[in-house]
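The block underneath contains the structure these notes are about, expressed in structure tokens.
We count ligands from 1, going down the list as the structure has it; atoms in each ligand are counted the same way. Values below: every heavy atom of this structure, side chains too, minus hydrogens, waters and symmetry copies.
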Amino acid sequence: QEKINSTSPSYTTGTYNNETVRIAALSRVIPVKSKPVSVVVLVAQTRTGQDAVTDRVANTAAALGIGFFIIAGILSWIAIQSAVSPLHKVADALGRRGAHDLRPLTHPVPQELEPLVGSLNSFIARLRGALNRTETFITEAAHHVRTPLATVRAQAEIALRQTETDASRKTLRSVIRAVDESSRSATQLLDHAMVTYRSDQMTMNEFDYSALVCEMIRSAAITADLKDLTIEQEITGDIMVWGDRILVENALRNLLDNAIKYSPPETTIAINLSSQHHQNKPIAQLSICDQGRGLGGMEQSSLTQRFGRGSNVKDIIGSGLGLTIVDEVTKAHDGHFEISARTGGGTCALIQLPQH
Ligand SMILES: Nc1ncnc2c1ncn2[C@@H]1O[C@H](COP(=O)(O)OP(=O)(O)O)[C@@H](O)[C@H]1O
Ligand SMILES: [Mg+2]
């Protein structure tokens, strides 16, 4: 009773109808017929009712929490997507480029990505510069190496004609041979460097393969004539090839060079060019068959290796890079190259290049 007299309500736990209830009590004095009467107001709630309220509050809080979590998740996903999508576009643009496309990236990007694209572009520019310098270096090196060697050779030839003693003649002949060897090696090394460089940066064109083969045969005819070799050619006209003309020319030069070099005098070299179908695709097939010394039983894989030479060719100058060049060029064109012993003696080189 004492407690209830205060102005703020007081709380107790009691029992009502055999159920535990929580009671709030408040007393007030109100006038009844001009007399003050003290009134106590009791409000009770069963414990189950209270639990229900607590549950409701907890459930609402949980639902709100999960709701906010989902909304936050969706918003952060959207934020990440919008931040990452320009990066994806840049990656796509780079991925779609051909292997030789070294243009700067001009894709519009958000301001935050500009430094990245800027450094990427300056990297591309440096790479382009380095590649251009490589090409210039290869052509200049070829020139700088061959010119002095040619001079040395000419001087040695003059000396050989003027000298009387056999000993000096012998020495001078070996000097000339050494010069020829180094000149050849230098040329082949640089050709090989050029082929490796160009295989990465092929300039693909459709060109007249028949015309190229005829042209190569014409220029090889001079050396073939020196050995009285007969070149029998069977060439179908107008065979086009899709490829890098300079690379193909290099490969052909090496094959013709070998056929002439390894043929004994007064023999025949048969050259055949035709268009064939292989797995429903047109291919240009060129075969160069000689009546020379053959491959001495050596495998193609060891002959196409860098500096790989046969065991039966020690007497003939060579660098062992010719077939390496041929092999690399055909591979770069998705073509096929085969060198094998010819029935009846000699060697057959077969090179197939796709026409489209
Ligand atoms: N037409 C051929 N006749 C005989 N042997 C050949 C022929 N073509 C290539 N070879 C063999 O393959 C080797 C590798 O050829 P290549 O790479 O052109 O080097 P090389 O500078 O020796 O000619 C040669 O050393 C030779 O043994
Ligand atoms: Mg060779």
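- Of the protein's non-hydrogen atoms, N258 ND2, 2.9 Å is the one closest to atom 18 (O) of ligand 1.
- Atom CD in E181 sits 12.0 Å away from atom CG in L149 (nearest 0.5 Å).
- The contact set between ligand 1 and L321, taken as ligand atoms under 4.0 Å from a residue heavy atom, comprises 17 (O), 19 (O).
- We find that D166 and K170 are not joined by a salt bridge, their nearest charged nitrogen and carboxylate oxygen being 4.0 Å or further apart.
- Each of the following atoms of ligand 1 lies closer than 4.0 Å to a heavy atom of K261: 20 (P), 21 (O), 23 (O).
- Summarising the geometry of S210 relative to L273, their closest heavy-atom pair is CA-CD2, 3.7 Å, with the distance given to 0.1 Å.
- Interatomic distance, I124 CD1 to L120 CG, rounded to the nearest 0.5 Å: 5.0 Å.
- Contact atoms of ligand 1 toward G310: 13 (C), 24 (C), 25 (O), 26 (C), 27 (O) (distance under 4.0 Å to a heavy atom of the residue).
- Numbered from 1 in the order shown, with element, the atoms of ligand 1 that lie under 4.0 Å from a heavy atom of R309 read 20 (P), 22 (O), 25 (O).
- The shortest heavy-atom distance from I339 to ligand 1 is under 4.0 Å.
- Among protein heavy atoms, atom 3 (N) of ligand 1 sits closest to T347 OG1, 3.1 Å.
- In this structure, A349 and F337 approach most closely via the heavy-atom pair CB-CE1, 4.3 Å.
- Shown here are the protein N/O/S atoms lying under 2.8 Å from the Mg ion (ligand 2), water excluded: N258 OD1.
- When hydrogens are left out, the protein atom nearest atom 24 (C) of ligand 1 is Y262 OH, 3.6 Å; that is the closest non-hydrogen contact.
- If you check each of L256, L295, L303 against atom 13 (C) of ligand 1, the one with the closest non-hydrogen atom is L303.
- Partners of E338 by salt bridge (charged side-chain N to carboxylate O under 4.0 Å, His left out), not counting sequence neighbours: none found.
- Considering every non-hydrogen atom in both G294 and N312, the closest pair reads O-ND2, 3.0 Å.
- Each of L229 and I316 belongs to its own hydrophobic cluster when Ile, Leu, Val, Met, Phe, Trp and Tyr are linked at side-chain heavy-atom distances under 4.5 angstrom.
- The CZ atom of R253 sits 8.5 Å away from atom CD1 of I325, with the distance rounded to the nearest 0.5 Å.
- For the residues G322, G346, S319, the heavy atom positioned nearest atom 21 (O) of ligand 1 is part of S319.
- Of the protein's heavy atoms, L323 N, 2.7 Å lies nearest to atom 17 (O) of ligand 1.
- For D290, the heavy-atom gap to ligand 1 drops under 4.0 angstrom.
- A donor-acceptor pair is defined here as one N or O able to donate and one able to accept, closer than 3.5 Å; no such pair exists between the side chain of R153 and the backbone of D180.
- Separating the CG atom in N205 from the CE atom in M240 is a distance of 9.5 Å, to the nearest 0.5 Å.
- To the nearest 0.5 angstrom, L321 atom CG is 10.5 Å from R309 atom CZ.
- One finds a salt bridge joining D257 and R184 here, because a Lys/Arg side-chain nitrogen approaches an Asp/Glu carboxylate oxygen to under 4.0 Å.
- Below 4.0 Å from some heavy atom of G294 lie the following atoms of ligand 1, by number and element: 4 (C), 5 (N).
- E215 contributes atom CD, which lies 10.5 Å from atom CG of L252 (distance to the nearest 0.5 angstrom).
- Among the atoms of R184, none of the N or O lies under 3.5 angstrom from an N or O of ligand 1.
- Which parts of ligand 1 touch V313 is read off a 4.0 Å heavy-atom cut-off, strictly below it: atoms 25 (O), 26 (C), 27 (O).
- The option with the heavy atom closest to atom 19 (O) of ligand 1, from among G308, G320, G292, is G320.
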